[in-house]
Amino acid sequence: MSEIFSASVIISILTSGIRLATPYLYAAIGETFSQRSGVLNLGVEGQMLLGAFVSFYVVFKTENLWLGLLSAIIVGALMGLAMAFVTVNLQAEQGISGIGFYLFGLGMSDLLFKMLLGTVETVKGFSVVPIPILSKIPVIGEIFFNQNVLVYVAFLLVPIAWFVLNKTTLGLNIRSVGENPEAADSVGVSVVKIRYFTIILGGILSGVAGASMSIALLNVFQQNMTSGLGFIAVALVYFGAWRAWGVLAGALLFSMVQAIQLRIQIIDSISLSPDIAVMMPYILTIIVLVASVSRVRAPSALTKPFDRGE
Amino acid sequence: MSDNKLPSGHTRIDSLEMRGITKRFPGVLANNKVDFEVHAGEVHALLGENGAGKSTLMKILYGLYGQDEGDIILNGKKIKIDSPTDAINHGIGMIHQHFMLVETLTVAENVALGMPSSRGFLTDLDRVSERILELGKIYGLEIDPSAYIWQLSVGQQQRVEIIKALYRGAALLILDEPTAVLTPQEVKEFFVIMRQMVADGHALIFISHKLHEIMDICDRVTVLRDGELVGTKIIKEITKSELANWMVGREVSMTRELVDVELGPARLEVKGLCADSNRGTPAVRDFTLNVHSGEILGVAGISGNGQKELAEAITGLREVTGGSVLLEGEDITHCRPGEVTERMLSYIPEERMRDGMIKDFSIAENMILREHHKSPFAEKGFLMLKTIAKHSDQLIDRFRVKTPSRDTKAGTLSGGNIQKVVLAREISRQPRVLIAAQPTRGLDVGATEYVHAQLLEQRANGTAIMMISEDLDEVMALSDRIAVICEGELIGIVPRDEATPEKLGLMMAGVNPEEEAASAAR
């Protein structure tokens, strides 16, 4: 039992917690943008799975990590474009169409996997890039500055997202479209353009979230490898009250719990069924969502299609 | 400052003309060859009943709709307006009836929204704030740029809308029923601002149902009826009743006659009633009054001062947190809405589209709600379709509902006809007590006249009526007594013959003149 509290174990749990926050951050920051503009994208999980497979396959074939990442971006953007067309132009019910996109991503990634790979393969993913000087700081350096490039970018996204949403005209447009699209429309802000932008951005970041798992964290592709992580990311946006820093707090909470449960599984002295350990993030999702209900008001126009009424 | 500049620094619109405007919607000719013209330094009223095509015409001018035929001519030059952005660039601004403000943003953010920033892709809220204060000084529109919209009163929100338009360089402003949501005092202040703007060379288009306001503030009036131009006149050359007849196309009575009715016992007794708003804050505080058989008790107040919560607490739709409600002596305080209905209380809700009917149901179905589970409309769980059909045909006839058939979906009717359906249902069950919330909001002169006549007939039949209204003219015309509510509290009850708009206006702002006088004497 004492083993889990030793300094080296705690540092390694924190280090992997930071790593594991990466896919949550990409997906949830993307989702934050689309929800702030009034669109609930439930297809995140599907976008992640396709992003994960495509980037993995490209890296497997070409061994070019950047090409793999680019392919995840393209796939995510295309999924986002389709989602935008369905929700903005066709004004479909967002919850149902989101589930449709999830199922598409799940089935498509599975099909492509069986057709193109057949068995579980591994690739050499993004390797750790220690940040000069900073990585030499004891403890902190090891936890924060000895990670791969996708981890750094994920954490950089948080202040960037905060800045864009709160300090730029684009952010002002996004927020107003999500709160009162009629008002935005009446002063010449294009609700359609803004929502297309945020949904496609969400798709891109979801694709990258998938890639971060398959070519940076785990370096394998398996069927349904995201196992609900995309849905947790959607929940994180609610937990984080549609704010970038809140999303960061939620992502860290979940990734740390995940890091702990992974560690518990390999410690012999704790006889906890691995099944129960694996359940922990999901149980936490439910608890956190119940606890955070109605704490902050959602964007008023969330899930509501906009129609000028002509 | 050159001659054609406004104090805001923008160019004046000397004249704007709309010529031969035609707009068709599926099955409706909304505007048929309408001509309209406005010039700098005038307030031009646009008057017409619901569905006369005023809004359509103005939405075309503001670029929200495209016209099928006709031209818009600005300062003698033909222009095209395809979007609100185009309109704004031409100096045309619009203050919508429902404010186009984002509640969760600040005043400055709302003003900056949609405008290019001096810092490129970064917002320049500090500069916007400076300009807001500057414009506020010029036009007497003081407002705190850093306040959030939800913190502001309705009157203040309207100022934000005006500043928003001025900031965008509006030389011509379309005001769509701007006074509908204001108290009499706020209306006066608003008219001062309007006069100032006109004197400075702005052109204003004023859309309103309220004839006395048009007589008061406007220079000219253009009347539309059924999508067609009736004509344009100079206000000084026309009287109020001529204007009403002109708009409706027939003789309209502007006065309401209250026949003498013997006052019966108190049918509805509200004692120390308390209820919370949806946000959980107290909305109705220790409210006490009685409504007697054969009287209309008017409840006046500024929008959002607990009127809705009061009506809902009485009718069982909202939880009562204190006090009691008695209907003919029986305690109904914690009764469910169905039980209150059973005791023959009828309720005409404020949000008739949402709470008063089911949009996707037919008119016949809507007309039997409340009674639909009982004989004669249902026997042993089966709907008696023939009885229902006969009943609805009778009501459609008696209440003169304009509809293709009883099977038409209620949601497709015009506002006035929807209110007639609700009214028909609530009145035809011969209620002991009737609560009518904003019974004529959004209705035109003709429909209003009809609804008022029905309420007066109920009064003559001995029904106890509580009429909640934000329209002071309506309250003063129909009520035997007028109760004023402010922030959920009863400020006082004034008998009909002692009520003046000034007195009620003060009370609506929370001041009781009698108490003031009493404390001054002390």
Side-chain angles (χ1 to χ4, degrees), chain A residues 32-33 35-38 159-195 197-198 201 237-238 240-244 246 293-302 304 306-310, chain B residues 23-26 30 55-56 59-60 62-67 82-89 93-96 98-106 108-125 128 148-150 157 160-161 164-165 167-168 170 174 176 279-280:
Chain A
T32 302
F33 274 98
Q35 290 206 12
R36 282 306 277 274
S37 78
I160 292 173
W162 171 83
F163 185 83
V164 170
L165 280 173
N166 294 295
K167 298 287 167 192
T168 67
T169 52
L170 174 67
L172 184 59
N173 289 347
I174 291 172
R175 285 184 286 145
S176 60
V177 163
E179 285 289 341
N180 189 345
E182 286 79 17
D185 183 53
S186 77
V187 291
V189 175
S190 168
V191 178
V192 171
K193 275 187 203 156
I194 292 291
R195 287 192 172 165
F197 171 80
T198 58
L201 179 66
V237 177
Y238 284 81
W242 296 271
R243 275 145 190 84
V293 128
S294 79
R295 208 166 37 113
V296 178
R297 215 172 44 81
S300 305
L302 186 60
K304 294 195 186 88
F306 173 71
D307 185 1
R308 191 183 272 175
E310 186 170 3
Chain B
K23 175 73 184 173
R24 294 178 199 93
F25 290 117
S55 298
T56 307
K59 281 181 175 167
I60 290 170
Y62 192 60
L64 287 167
Y65 295 162
Q67 72 267 35
D82 290 330
S83 68
T85 316
D86 285 353
I88 292 163
N89 291 340
M94 181 159 180
I95 313 278
H96 299 264
H98 306 285
F99 295 153
M100 293 293 181
L101 296 171
V102 184
E103 295 231 322
T104 52
L105 300 184
T106 64
E109 285 176 317
N110 268 283
V111 172
L113 183 62
M115 295 297 286
S117 161
S118 61
R119 295 201 190 104
F121 67 93
L122 298 180
T123 50
D124 56 349
L125 294 178
V128 175
Y148 284 92
I149 299 300
W150 57 265
Q157 292 187 13
V160 179
E161 283 283 29
K164 223 171 94 184
Y167 183 88
R168 287 164 165 70
I174 306 163
D176 188 3
R279 290 186 184 175

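All chains are named by letter (A, B, ...) in the order of the sequence lines, taking the proteins before the strands, and each is independently numbered beginning at 1.
- Across A:Thr168, A:Asp185, A:Leu170, the residue that shares the most heavy-atom pairs under 4.5 angstrom with chain B is A:Thr168.
- For B:Arg168, the part sitting under 4.5 Å from any heavy atom of chain A is the side chain, from C-beta outward, and nothing else.
- For B:Thr104, the part lying near chain A is the side chain, with the backbone staying farther off; criterion is any non-hydrogen pair under 4.5 Å.
- A:Lys167 NZ to B:Arg119 CZ: the interatomic distance, rounded to the nearest 0.5 Å, is 10.5 Å.
- With rounding to the nearest 0.5 Å, the separation of OG in A:Ser176 from CG in B:Asn110 is 8.0 Å.
- Residue B:His98 does not touch chain A at all, counting heavy-atom pairs closer than 4.5 Å.
- The candidate from B:Leu105, B:Asp124, B:Leu125, B:Leu122 with the greatest count of non-hydrogen atom pairs under 4.5 Å with chain A is B:Leu122.
- Looking at every heavy atom in both residues, B:Leu113 comes nearest to A:Val187 through O-CG2, 3.6 Å.
- Distance check, rounded to the nearest 0.5 Å: CG of A:Asn166 to CD of B:Glu109 gives 8.0 Å.
- Counting heavy-atom pairs under 4.5 Å between each of A:Ser300, A:Ser186, A:Gly188 and chain B puts A:Ser186 at the top.
- Inter-residue side-chain proximity for B:Met100 and A:Glu182 is flagged as met; some heavy-atom pair is nearer than 4.5 Å.
- Looking at B:Ala87, there are no atoms closer than 4.5 Å to chain A (heavy atoms on both sides), in backbone or side chain.
- Taking chain A as the reference chain and counting heavy-atom pairs below 4.5 Å, the highest number among B:Gly114, B:Ala112, B:Gly93 is found for B:Gly114.
- Only the side chain of B:Lys164 comes within less than 4.5 Å of a heavy atom in chain A; its backbone stays farther off.
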